[in-house]
Amino acid sequence: ISSPAIDQGDANYAPSDDINGTARPQGSGDDLGCYELSMNSWTGSTSSDWNNSSNWSIGSVPGNSDNVYIPSSGNAPVLNATGQVGAIQIASGGVLTVSNVSYKLTVSSVGIESGGSLVISAGELECTGKFDHDGGLTMSGGTLDINGEYESSASATETISAGTIT
């Protein structure tokens, strides 16, 4: 998720809440404009269990349209439920693991920053929009289904020994 308006505002010139009542800032600074980008950030404070609400910054497991941010964490998230979310951004040092054939995660877009990683050994990750890959992609099984644009940069690394990419 990127925009030149995210985290570029100044609290001295913006109201404390956006037009929808969302508190500012949600990131490292206020967003420019009337809306504050709201993300459910992985904390991993309890475990690596994706489906445990105490591992998420807003206290609930991400839902259909929630934007997800995965930073570096001692307990990196492991998908253990089928679900659908909005956009996923994997930060430098962040890792998302999809490792169970019973589970599928559908996302509207994926951004893997340089130094971030997506690991798929079983199960499926379906991206219905843009897959922007600047970090690591490791596949030893499972399925990566990209139904939109795929973008990869010079910093991207791939280790693919098995699995399916469609």
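- Of all heavy-atom pairs spanning Tyr69 and Ala91, the tightest one is OH-CB, 3.3 Å.
- Contacts classified as side chain to side chain donor-acceptor pair (under 3.5 Å) and involving residues 77-88 (residues at least two apart or in different chains) are given here: Asp49-Asn80.
- Between the side chains of Thr46 and Asn75, no donor-acceptor pair is found at a separation under 3.5 Å.
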For this session: Determine, stepwise, if the pair Leu118 / Phe131 fulfils side chain to side chain contact (heavy atoms under 4.5 Å, CB included).
Result: CA-CA 11 Å; Leu118 173 61; Phe131 188 94; 4.1 Å; yes

All N/O donor-acceptor pairs, side-chain side in residues 134-145, below 3.5 Å, sequence neighbours left out:
unit_1	atom_1	unit_2	atom_2	d
Asp134	OD1	Ser153	OG	2.8
Asp145	OD1	Thr166	OG1	3.0

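- For Ala122, the side chain to side chain contact (heavy atoms under 4.5 Å, CB included) test picks out Val101, with sequence neighbours left out.
- Pairing each heavy atom of Pro62 with each of Val85, the nearest pair is CB-CG1, 3.6 Å.
- The closest donor-acceptor contact from the side chain of Asn55 to the backbone of Ser47 lies under 3.5 Å.
- A donor-acceptor contact shorter than 3.5 Å links the side chain of Ser108 to the backbone of Ala87.
- Residues meeting the side chain to side chain donor-acceptor pair (under 3.5 Å) test with Asp132, sequence neighbours left out: none.
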For this session: Carefully, step by step, assess Leu105 and Val98 under the rule side chain to side chain contact (heavy atoms under 4.5 Å, CB included).
Result: CA-CA 8 Å; Leu105 181 63; Val98 180; 5.6 Å; no

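- Evaluation of the side chain to side chain contact (heavy atoms under 4.5 Å, CB included) rule for Ser99 yields Val78, Thr97, Ser121 as partners, not counting sequence neighbours.
- With a 4.5 Å cut-off between side-chain heavy atoms of Ile, Leu, Val, Met, Phe, Trp and Tyr, the cluster of Val119 takes in Val95.
- A distance of 13.0 Å separates CD1 in Ile90 from OG in Ser114, rounded to the nearest 0.5 Å.
- Scored by the side chain to side chain contact (heavy atoms under 4.5 Å, CB included) test, Ser152 finds His133, Tyr150, Ala156, Glu158 as partners (sequence neighbours excluded).
- In this structure a side-chain-to-backbone donor-acceptor pair under 3.5 Å is missing from Asn40 to Val68.
- Put simply, the side chain of Ser45 gets close to the backbone of Ser54: a donor and an acceptor are under 3.5 Å apart.
- Between the side chain of Trp56 and the main chain of Trp50, a donor-acceptor pair closer than 3.5 Å is present.
- Separation of atoms OG (Ser60) and CG (Asn52) is listed at 11.5 Å; rounding is to 0.5 Å.
- Every residue meeting the side chain to side chain donor-acceptor pair (under 3.5 Å) condition with Glu151, not counting sequence neighbours, appears here in chain and number order: Lys130.
- Between the CD atom of Glu124 and the CG atom of Leu79 there is a distance of 11.0 Å, given to the nearest 0.5 Å.
- The side chain to side chain donor-acceptor pair (under 3.5 Å) search around Asn12 returns Asp10, not counting sequence neighbours.
- Ser53 pairs by the side chain to side chain contact (heavy atoms under 4.5 Å, CB included) definition with Val61, not counting sequence neighbours.
- Between atom CH2 of residue Trp42 and atom OG of residue Ser48 there is a gap of 6.5 Å, rounded to the nearest 0.5 Å.
- For Asn100, the side chain to side chain donor-acceptor pair (under 3.5 Å) partners two or more places apart in sequence, or in a different chain, are Ser102.
- Remark: Glu126 pairs with Lys104 by the salt bridge (Lys or Arg N to Asp or Glu O under 4.0 Å) rule, at least two apart or across chains.
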For this session: Take Val110 and Leu125 through the test side chain to side chain contact (heavy atoms under 4.5 Å, CB included) and record every step on the way to the result.
Result: CA-CA 10 Å; Val110 174; Leu125 187 136; 4.0 Å; yes

